[in-house]
Amino acid sequence: MQNVTATLVAYLHTCRRKLWLHANEIRMEHTSDLVAEGKLIGDTAYDRRPDKYTQVELDGIKIDFFDPRTRTVHETKRGRAVEAAHRAQVRYYLYKLRQHGVADASGIIEYPDLRKTEAVPPLTEADVLEIEGWEAEVRRIVALEQCPPVIRVKICSSCSYYDLCYAGEEA
Ligand code: SF4
């Protein structure tokens with residue numbers, strides 16, 4: 001059975017084609033400047049992080065910044081957009097923590113470019129059911145014989161799969 005990760009959950013909320021390509025080992029991230037910049041921001045932020053944060057690994061999912069004292073997940077995102085995928089990723093971390101006995105964890109998403117933070121509250125029972133539905137949907141999409149179609153939206157221009165999806169088309 002497909003191992004569901006926070007990345008696949010984020011892609012479920014971004015583009016199902018991207019989810020399928022990534023899960024089926026078709027990787028182009030290394031060609032994306034945006035991903036490289038994102039990693040850089042993460043590294044820089046890490047340098048500034050106080051010792052209170054620890055890295056947690058649960059079922060192969062790595063949560064880079066977890067404050068065990070306040071049971072808070074911190075996630076930093078570059079760019080000038082607050083995306084549903086960011087929130088979904090952090091909610092999936094909270095779901096995993098809950099499965100491992102930390103039911104009241106919450107999250108904070110930091111957007112340094114926007115000078116903004118977004119709070120992600122602890123999950124309710126209804127949230128857990130919703131996230132279980134995400135897992136089922138991720139597994140369904142990954143198992144599809146055919147790659148889902150191109151979605152032709154604004155985010156495509158900054159997606160690492162752009163060249164693959166739009167090969168042969170005029171820029
Ligand atoms: S370029 Fe667009 S359609 Fe292709 S994987 Fe990325 S987001 Fe999806």
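Worth knowing before you read on, the calculation uses all heavy atoms, side chains too, and leaves out hydrogens, waters and symmetry mates. Each ligand, and each atom within it, is numbered from 1 in the order the structure gives.
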Quiz prompt | Every N, O or S from the protein that is nearer than 2.8 Å to atom 8 (Fe) of ligand 1 | solution =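 Listed by chain and number, the atoms are Cys15 SG.
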Quiz item: Is there side-chain contact between Ile63 and Gln55, with at least one heavy-atom pair below 4.5 Å?
Solution: no
Quiz prompt | Ring center gap for Tyr111 and His86 short of 6.0 angstrom | solution = yes
Practice problem: May I ask whether Trp134 and Leu58 are part of the same hydrophobic cluster, defined by side-chain heavy atoms of I, L, V, M, F, W, Y residues being less than 4.5 angstrom apart, directly or through others? | Solution: yes
Quiz item: Is Ile155 reachable from Leu8 through a run of I, L, V, M, F, W or Y residues, each pair having side-chain heavy atoms under 4.5 Å apart?
Solution: no
Exercise. Would you mind checking if Glu118 and Lys116 are paired as a salt bridge, meaning a charged N to carboxylate O distance below 4.0 Å?
Key: no
Self-check item: Spacing of OH belonging to Tyr161 relative to CH2 belonging to Trp20, to within rounding of 0.5 Å
Solution: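 Answer rounded to 0.5 Å: 10.0 Å.
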